[in-house]
Q: 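Pasting in a structure now, in structure tokens, and then I'll have a few things to ask.
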Amino acid sequence: MPVHNSEIATIFDNVADLLEIEEANRFRVRAYRNAANTIRDLSRSLQNMLEEGEDLSELPDIGEDLAGKIEEIVRTGRLPLLDEISDEVPEAIVEATRIPGIGPKRARALFEALDLSSVDDLKEAAEEGRIAAIEGFGEKTQARIRKEINQGVIGGERIRLDVAEDFAEPLLEWICKIEGVAKAEIAGSYRRRKETVGDLDILVQGEDGGAIIDRFTKYDEVEEVASQGKTRSTVTLRSGLQVDLRVIPEPSWGAALHYFTGSKSHNIAGRRCAQDRGLKLNEYGLFDGKKRIAGTTEEEIYDGINLPWIDPVLRENRGEIEAADKGELPVLIKPADIKGDLHAHTTASDGKNSLEEMAQAAKEKGYEYLAITDHSKSQTQARGLSEDALHRQIDEIGALNDKLDGIRLLASCEVDILEDGSLDFPDKLLERLDLVVASVHSKLELAEDRQTERMIRAMDNPLVSIIGHPTGRRIGERKSCALDMERLLQAAKDRGCVLELNANPVRLDLKDVHCRMAAEKGVDIAISTDAHSTGGLGNMRFGIDQARRGWLATENIVNTRSWNNLSKIVRRN
DNA sequence: GCCGTTTTCGGCCCGACTGTTTTCAGTCG
């Protein structure tokens, strides 16, 4: 049974959580967390690395001990250490640490003082007023615990980037108008363009922090003010989104922007770089002793630790600091590089606009081409085209292209990959198309081997140009199907098949790490919107952000090429 | 538990805010 990196990382994170509750050495706890982060970001599967006899202790943050534990997990699917400490620490304490404001120490103190055995017991104790009586606890903590448990918000879900934008952009605009605010910017994972964000970190430049924050907490959509000081405040909006605001004086702006953009592990690595040079880096600046030597801009900060500015999308401590140090940062793809969109639907299947309307919208984006990829016949719920209907659409596109000026429609189809890997339309029909996108829409639950083989079999057909939304995931709704990504990428490379990076913010399929793996293997990527309306073409920017997070450059992306060049790549036969 | 131009020990990122107590630990980011 394949063991995935994410499972191993989760085991290590769980060990860290439990060790923390047991008050183990905090650096040992951190070692497990660091290892989990390293593992989560690896571009290769640990299982494969082991099978190929590689020494895992050469990986960063993995030493002899953890390498041995990984081997054990891969072999048995379990880690005895985790089983042992799981027995020692009641599950309810672990759950209690998910209440904001309750960490490992207080969770343990609560359960020991009150002799509780579940979170329900904790709720009961809070309602009966027994928590406030414990030394070190008080009324406020008790009220908070009661509220958090009743709201059932233990944990808190991450919000999709596009959803966060809907709340963030109007809020930012409003903040910019507060008196005394010189400028404002959203930092955090939002600025790094992660596919989901946990909260918003907003920085404002201004002098009178107390007044600015006071005004901020009066924003129309603020439901609760969790904390409020002179430089910092945390509120929750009615939408459930948590917003942290920090007021930054001008000389520290760059340092604060860098610090609060993160990621945390990028910052830690950055501070080590500073330490190596005998300097100290924090959110106020870069310091030589007590003297601030940089801080106004991010460029200054990086320059001070002898690095070029690193784009926020790369700041995940996935090797960007080392690459920057060697002058080997990728030249990332940018919106202006895109010459066309290779996945779009019309009213012929489940789209909302006609061929003409889609062509016009693509032209307005400055594109050279737009591929029309309506569904194939098996997709009855999406009004998939019959063979005759596709024949007719190909003729229609041909005729329309004669009339169109400055944009070319490509005759295409999003053909279903059937359960056995064969295609929903015969080759004879597909041969008439400019290119073919092949996607899986059914039987997403197949076992990893069968799912992987199914897609590889589809790629065996040289008429298939691009595999659409390869993993089928929908963020927050549906997990990725089980796929051996390394094998899939190798198969794509061997066959010259392109993989899609679906730019729909609900999909963003491939993930950033998969994009990076693809680039490392030399697999071409198409960033496509899968637009079902003219507005949907605008999702390209989410795909580009994702590609940039995956270190992709112009040359990795096929739809940065003119059709003359692109046609040679997508016509493999 | 990891790591090393300070290499087998002794370090390990850093500061704000809260709630509690009255000088600070815990938590968070």
Side-chain angles (χ1 to χ4, degrees), chain A residues 12 15-16 19-21 23-39 56-70 79 81 96-110 131-145 148 156 187-190 192 197-203 209-210 213 225-235 242-248 252 255-256 258-287 305 317:
Chain A
F12 283 173
V15 169
L19 285 177
E20 204 169 16
I21 292 167
E23 295 182 339
N25 179 315
R26 63 201 175 99
F27 298 108
R28 188 179 168 213
V29 172
R30 188 184 297 171
Y32 277 97
R33 290 205 202 287
N34 289 343
N37 288 335
T38 296
I39 291 167
L56 301 184
S57 70
E58 283 176 14
L59 293 168
D61 301 317
I62 310 283
E64 292 294 324
D65 182 88
L66 291 183
K69 288 192 166 77
I70 292 169
L79 181 65
L81 170 69
T97 60
R98 299 197 183 110
I99 300 171
I102 303 294
K105 292 241 165 55
R106 318 193 84 198
R108 202 168 94 144
L110 277 172
I131 289 176
I134 306 169
E135 191 181 348
F137 290 79
E139 290 292 342
K140 285 198 172 176
T141 307
Q142 175 167 278
R144 166 159 217 164
I145 289 172
E148 295 289 352
S189 46
Y190 189 89
R192 302 203 309 280
V197 301
D199 60 11
L200 289 181
D201 295 296
I202 305 185
L203 306 186
I213 280 172
V225 180
S227 76
Q228 182 175 358
K230 281 190 178 0
T231 66
R232 180 186 152 181
S233 172
T234 299
V235 304
Q242 183 180 304
V243 184
D244 288 352
L245 187 89
R246 291 176 171 83
V247 183
I248 314 293
S252 294
H258 176 259
Y259 181 87
F260 291 109
T261 296
S263 67
K264 194 173 171 181
S265 55
H266 175 88
N267 286 351
I268 290 171
R271 284 196 285 269
R272 287 223 183 89
C273 285
Q275 274 188 330
D276 290 347
R277 291 166 171 81
L279 306 171
K280 189 175 83 167
L281 177 60
N282 60 26
E283 63 256 55
Y284 302 106
L286 183 65
F287 294 87
I305 52 176
N317 196 25

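Values below: every heavy atom of this structure, side chains too, minus hydrogens, waters and symmetry copies.
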Q: Quick one: is the NZ or CZ of A:Arg33 closer than 6.0 Å to the six-membered ring centre of A:Phe12, and within 45° of its axis?
A: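 Judged by the rule (NZ or CZ under 6.0 Å from the ring centre, within 45° of its axis), A:Arg33 is not positioned above A:Phe12.
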
Q: What string of B, S and - do you get for nucleotides 3-11 of chain B, 5' to 3', if B is base contact, S is sugar-phosphate-only contact and - is no contact with any protein heavy atom under 4.0 Å?
A: S--------

Q: With both distances under 3.5 Å as the test, what is the Watson-Crick or G-U wobble partner of B:dC28?
A: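 B:dG15 is the nucleotide pairing with B:dC28.
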
Q: Here's a test of your reading of the structure: between A:Tyr32 and A:Gly136, which maps to the more 5' nucleotide of DNA chain B?
A: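 So the residue in question is A:Tyr32.
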
Q: Between A:Arg108 and A:Glu23, does any NZ, NE, NH1 or NH2 come within less than 4.0 Å of an OD or OE carboxylate oxygen?
A: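 Salt bridge present between A:Glu23 and A:Arg108.
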
Q: Flag the pair A:Arg272 and A:Asp276 as a salt bridge only when some basic side-chain nitrogen lies within less than 4.0 angstrom of an acidic carboxylate oxygen.
A: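 The answer is no: the pair does not qualify as a salt bridge.
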
Q: Find every protein N or O atom lying less than 3.5 Å from an N or O atom of nucleotides 22-28 of chain B, and list the pairs.
A:
residue, atom, partner, partner atom, Å
B:dT27, OP1, A:Gly103, N, 2.8
B:dT27, OP1, A:Gly103, O, 3.1
B:dT27, OP1, A:Arg106, N, 2.8
B:dT27, OP2, A:Lys105, N, 3.3
B:dT27, O5', A:Gly103, N, 3.4
B:dC28, OP1, A:Gly101, N, 2.9

Q: Roughly how far, to the nearest 0.5 Å, is CG of A:Asp244 from OG of A:Ser233?
A: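 With rounding to 0.5 Å, OG (A:Ser233) is 8.0 Å from CG (A:Asp244).
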
Q: Would you kindly compare A:Ala226 and A:Ala67 by the position of their nearest DNA chain B nucleotide and give the one closer to the 5′ end?
A: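 So the residue in question is A:Ala67.
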
Q: Looking only at N and O atoms, is any donor in the side chain of A:Tyr259 or the base of B:dG29 less than 3.5 Å from an acceptor on the other one?
A: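 When only heavy-atom distances are counted, A:Tyr259 does reach the base of B:dG29 through a donor-acceptor pair under 3.5 Å.
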
Q: May I ask you to check whether over 12 heavy atoms, not counting those of A:Arg26, lie within 6.0 Å of atom CZ?
A: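 Open.
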
Q: Mind checking the CG-CD1 spacing from A:Leu56 to A:Ile70? Nearest 0.5 Å is all I need.
A: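 These two atoms lie 5.5 Å from each other.
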
Q: How is A:Ser233 classified with respect to the nucleic acid when contacts are heavy atoms under 4.0 Å: base, sugar-phosphate, or nothing?
A: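 No contact.
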
Q: With sugar-phosphate meaning primed atoms plus P, OP1 and OP2, does A:Lys280 contact a base, only sugar-phosphate, or nothing at under 4.0 Å between heavy atoms?
A: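 Answer is sugar-phosphate: A:Lys280 comes under 4.0 Å of backbone atoms only.
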
Q: Reckon A:Arg26 touches a base, only the sugar-phosphate, or nothing at all at heavy-atom distances under 4.0 Å?
A: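 Nothing: the residue A:Arg26, judged by heavy atoms under 4.0 Å, touches no strand.
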
Q: Within the 4.0 Å heavy-atom criterion, would you say A:Asp201 contacts the bases, only the backbone, or no part of the nucleic acid?
A: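 It contacts sugar-phosphate atoms only.
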
Q: For A:Glu135, report the nucleic acid contact type (base, sugar-phosphate, nothing); a contact means any heavy atom under 4.0 Å.
A: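 No contact.
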
Q: From CG of A:Asp244 over to P of B:dT18, roughly how many Å is that when rounded to an integer?
A: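 Rounded to whole Å, this separation is 12 Å.
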
Q: Distance from A:Asp201 atom CG to A:Arg246 atom CZ, nearest 0.5 Å?
A: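 Between atom CG of A:Asp201 and atom CZ of A:Arg246 there are 5.5 Å.
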
